[in-house]
Structures are given as C-alpha cells and as structure tokens.
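Reviewing the structure listed below.
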2 protein chains.
Amino acid sequence: MAYRTTASRLERDQVLREHVLDCALQQVAERGFSALTMSGLARNAGIATGSLYRHFPGKGALAADVFVKATRIELNTLKEQFLAPGVASDRLRNGIAQFAARAWHSRQLAYALIAEPAEEEVETQRLYYRQAYATIYGELLADGVRDGSFLVENIPLTAACLVGAIAESLVGPLSPQARVDRESGLPSETLEAVTHTITRFCLRALGAKELPQ
Amino acid sequence: MAYRTTASRLERDQVLREHVLDCALQQVAERGFSALTMSGLARNAGIATGSLYRHFPGKGALAADVFVKATRIELNTLKEQFLAPGVASDRLRNGIAQFAARAWHSRQLAYALIAEPAEEEVETQRLYYRQAYATIYGELLADGVRDGSFLVENIPLTAACLVGAIAESLVGPLSPQARVDRESGLPSETLEAVTHTITRFCLRALGAKELPQ
DNA sequence: TCAAATAATGAATATGGATTCAGATCATGG
DNA sequence: CCATGATCTGAATCCATATTCATTATTTGA
C-alpha cells in the first residue's frame, strides 16, 4: 500500500488551502466579490482550476469562507474594544473609531464584506454575522444601561439601528468616500471628521450624557 | 406606404409597456428580483419572450425600470410628508411612521428595493436613489436646524446615518420581521413598537428636544 | 380587399463562467 | 527504484438564462 494520509500531507493541504484563501481574499479586497472567478483565482494561486475543488466543494463555499475569514477578524477586533474596561460610552466611542479607521483604509474590502451583492452562501453568512454584530452592540448597550451611560428601551432594535447607521455612513453608497469618488475629485472629508459625526450621532441616539467636545 | 407610427399604435405600445412593468413589479413584490426571468415575465404578461425586447433593450434595463417605478413612489410619498407644514421634528416623525408602515406591509418589495442583490443597472439606480433619499433627509435636517428642532453639524453625513439606521432596522437582515421569521414563530414586535423605537433613536440622534412620550 | 410595413412568436442560439474528468504527475511504502 | 493509489491538470463539458431571428400574424393606407 502507498500514499496514506500522512501528517505532513494534511499539513501541506492545510497550508495550500490557506494560500488559496489568502489569494482569494486579496482579490476580493482589491476588486470585490464580483472579480472572484475560479479560473482567475487558480491562476493567481498557481494551481489548476480543478484543484480548487479538492479544497472547496464549489465557488459559493469558497467565497463564503473568504467572507467568514475576513469578517471574523473585524468582529473580534470590535469585540475586543467593547470588552475593554471602562464605561460603555467610551468603549463605543473607541469601537466606532477603530471600525471607521479600518473601513476607511480598506474601503473595497469593507464594501465587499458589508454590502456587495454576492453568492447565496455569502449572503447567508452575512446574515449570520450581522446578527453577531448586533449581538455585541446589544451587549454593550446593556452594559451602558446598567452603568448609566445609555438610556435605551428596545436593545435589539436599537442595536440594528446602530449597525445600519454606521455601515451606511462608512461603506455604503452614501459614504463620503463614495460621494467624492463619483462626483468631483474634491478632497474627501477627513476620517477624523467622519468619525466625529458618526460617534456624535450614535451617542446622542443612545441618550448618552457626555458628547465629544 | 403603410403602417405609419399612428397615435393609437403609440398609445397601445405605451399601455403594453406599462402592463409588462406592472407584471414585473408584481413578480418582484412577491418573490424579489431573483425571481424575475424574461421567459417567466413574458408568460406572465401574456406575450412572447422576444416581444419583451421591443419594449426594453434587455433584462437589466427592464429590472432598473421596475426599480425606478417602485422607488419613485416611495420617495415621493416620503417627500410629501417632509414638505408638509409644521416643525421639522414632526415631519420627520410622520415620514418615518409612514415609511415604516409601508415597508412593514410589503416586506418583500421593501427588501427588493433597499437591499436585494440585483442587476448592475439596478444597483446604479439604487445608488442614485439613495442619494435622493439622503438629499431629502438633508433638506429636512436643514429646516430643522433653522427652526430649532435639530442640532446637526454635518448634514450630509448625518442624513446617511439616518437612511442607514432606518433601512437596516426595517428591511435589513436585522429587522424584527426577519428575526422572527427565521427563529421561532413567536409573535413579532408590533409595527407601533418598532416605529416608536426607530423614531426615538433618530430624534435623539439629531439632538431633538421633545421626544415621543 | 390587398400589398407593404411593422410587430409578435418561440425555438434555436449565444454566453460566460462553474464544474468535471480522463490522463499525467507525484508521494509513499516496500 | 518500482508499484500503487492519491493528487493535479486544464481543456472539454455543462448549465441556466438572456438574447436572437426566421417565420407568422397584424396593422395600416390605398
């Protein structure tokens, strides 16, 4: 007998799989999900088209894996801020600032993760992870109600409002960057100004006492 | 010579075109853009597939027309509320209540118009009309700043936040209806409760003095 | 009513990328 | 260094709709 599934083989498989995912993520970060084709990705990753199917059951699953890999990072980064010590309003402020900065510097990726039309499997994950976002916002709101930072009645729905406001204003079609890109080449609003406005909007909406400035 | 483009012919063409659009809109309202196929629509409208191409250059243009037809109605309905007499905060309240009620009662259509992935041409129009929404929100905000209802610095960005918060909480994956549909069959939150929470969120975010209740 | 011009028909074709698979290549144990 | 079987390859195939177009039906003016 020959060619048993040895440890080093599994290891190499795992490495190759990650390599493919990395290439795919790079493509998505540069040109969005619409630019992710199996043949293009294979070329990019230095393997044959058919070989992709040894690692992923199909394109939908591959795209979903890319989505999950990237989104988990964002979610965990935000969660870290939200779980830090301090009053809830400060934690929200920091979370928004960080999220905004990350989106600002990888706009195409942010758009792909939050809003770009994609495979059914990606939409399913998007649904799931939006819930996850809403949940951590909701937990922060609950903390804030307890520590007196916020005054909120319907926490889940309010969390949804927060997610929507932040997503739309940062990476949606109404974001300052999108507006500038399409209209004239005028200098965009600064990240600082945008962060300030969004933060103020959110804190006020939650009934926070102390506002920035 | 024969068969000049007579008035009655143009009239009939126009009527047929509207009939096709109505059928298409019905399909979209019932099952979303993903269920809109040329052959299906033709069957539905009682004409041949090829005949669709006498009225529309292609599927993308047709879908975009459906989108525009439906969205214009929503936009104008909202604009009417916003242009009514009274203080800005009241007008916003009424506008949100009406928008929420309409979305609540035609959820699939609302989702199709606001969030469903669709043809490139539809996305283009979506972009345009989101700007249009943001613009009328922005005008209302300007009014509100003048009449003392609101305290807002960056009007365009704040308008984007409003659009995002309302869209996400009403028709996005985080909306109460979506949450209930997927999880248990528990009775959904009422339209009134949802409207109340969203209104409160928005008014507070704008620095409005008097809140509901 | 007829001939000319236009519109309607729907089966056949085009399209564009995902998926497959027969053959080539490679890793392993003996 | 061979035999075995897993893996890799990429051109061929599939697939689901959008689109076309030769043919048939309608409309119009004379």
Side-chain angles (χ1 to χ4, degrees), chain A residues 1-21 23-24 27-28 31-67 116-123, chain B residues 1-21 23-24 27-28 31-67 116-123:
Chain A
M1 241 123 286
Y3 220 98
R4 278 288 150 74
T5 49
T6 171
S8 73
R9 167 120 297 273
L10 291 175
E11 165 75 14
R12 250 181 299 156
D13 260 21
Q14 182 60 20
V15 168
L16 183 51
R17 194 186 137 87
E18 285 307 310
H19 170 65
V20 170
L21 277 180
C23 290
Q27 260 176 279
V28 171
R31 303 187 190 189
F33 279 110
S34 66
L36 186 63
T37 66
M38 295 303 262
S39 49
L41 172 58
R43 192 172 344 108
N44 215 294
I47 63 175
T49 316
S51 302
L52 289 174
Y53 290 82
R54 190 153 307 284
H55 299 279
F56 304 92
K59 192 194 176 180
L62 194 159
D65 277 3
V66 171
F67 174 88
E116 189 187 2
E119 275 73 22
E120 201 55 44
E121 289 94 328
V122 173
E123 301 293 339
Chain B
M1 240 121 287
Y3 217 100
R4 280 289 153 73
T5 48
T6 172
S8 73
R9 167 120 298 274
L10 291 176
E11 166 73 15
R12 251 182 300 157
D13 261 20
Q14 182 60 19
V15 168
L16 183 50
R17 192 183 137 85
E18 286 307 310
H19 170 65
V20 170
L21 277 180
C23 290
Q27 259 177 280
V28 171
R31 302 186 194 192
F33 279 110
S34 66
L36 187 64
T37 66
M38 296 303 262
S39 49
L41 172 58
R43 192 173 343 110
N44 216 295
I47 63 175
T49 316
S51 303
L52 290 173
Y53 290 82
R54 189 153 306 284
H55 299 279
F56 304 92
K59 191 193 175 180
L62 194 159
D65 277 3
V66 172
F67 174 89
E116 189 186 3
E119 274 75 22
E120 201 54 44
E121 289 95 328
V122 173
E123 301 293 338

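Just so it is clear, the values below take in all heavy atoms, side chains as well, and ignore hydrogens, waters and symmetry mates. To find a chain, count down the sequence lines: A is the first, B the second, and so on, and within it residues start at 1.
Considering only heavy atoms from C-beta on, Asp13(A) stays 4.5 Å or farther from Arg17(A) through its side chain.
For residues 31-40 of chain A, there are no salt bridge (charged side-chain N to carboxylate O under 4.0 Å, His left out) pairs, not counting sequence neighbours.
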Q. Based on Watson-Crick and G-U pairs with both distances under 3.5 Å, what dot-bracket line describes DNA chain D 5' to 3', crossing pairs as [ ] and inter-strand pairs as |?
A. ||||||||||||||||||||||||||||||
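Under a 3.5 Å cut-off, the side chain of Glu116(B) and the backbone N or O of Phe33(B) do form a donor-acceptor pair.
The NZ-P distance, from Lys59(A) to dG17(C), rounds to 9 Å in whole Å. dC21(C) atom P lies 16 Å from atom CE of Met38(A), rounded to whole Å. Rounded to whole Å, atom P of dC8(D) lies 11 Å from atom CG of Leu52(A). Distance Glu121(A) CD to dA18(C) P: 12 Å, rounded to the nearest Å. dT27(D) atom P lies 12 Å from atom CG of Asp13(B), rounded to whole Å. Rounded to whole Å, atom P of dG10(C) lies 15 Å from atom CG of Leu41(B). As rounded to whole Å, 16 Å separates atom P of dA7(C) from atom CD of Glu11(B).
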Each nucleotide N or O in nucleotides 10-13 of chain D that has a protein N or O under 3.5 Å away: list the pair and distance.
| from | atom 1 | to | atom 2 | distance (Å) |
| --- | --- | --- | --- | --- |
| dG10(D) | N7 | Gly50(A) | N | 3.3 |

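Partners of Glu123(A) by side chain to side chain contact (heavy atoms under 4.5 Å, CB included), not counting sequence neighbours, listed by chain and number: Ala118(A), Arg126(A), Pro117(B). In this structure Glu18(A) satisfies the side chain to side chain contact (heavy atoms under 4.5 Å, CB included) test together with Gln14(A), Leu21(A), Lys69(A), sequence neighbours excluded.
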(Q) With side-chain contact (heavy atoms from CB on, under 4.5 Å) as the criterion, how do Glu121(A) and Asp65(A) come out once you've worked through the C-alpha distance, each side chain's angles and the decisive distance to 0.1 Å? (A) CA-CA 9 Å; Glu121(A) 289 94 328; Asp65(A) 277 3; over 6 Å; no
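If you find the closest nucleotide of DNA chain D to Glu119(B) and to His55(A), the one lying nearer the 5' end belongs to His55(A). Along DNA chain D, the nucleotide nearest Tyr53(B) and the nucleotide nearest Arg54(A) are compared for position; the residue whose nucleotide lies closer to the 5' end is Arg54(A).
Here Arg12(B) reaches the OP1 or OP2 of dT28(D): one of its side-chain N or O atoms lies under 4.0 Å away.
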Taking only distance into account, with no hydrogens and no angle test, what donor-acceptor pairs under 3.5 Å do side-chain atoms of residues 36-64 of chain B form with protein atoms, sequence neighbours excluded?
| from | atom 1 | to | atom 2 | distance (Å) |
| --- | --- | --- | --- | --- |
| Thr37(B) | OG1 | Gly40(B) | N | 3.1 |
| Lys59(B) | NZ | Leu36(B) | O | 2.7 |
| Lys59(B) | NZ | Glu119(B) | OE2 | 3.4 |

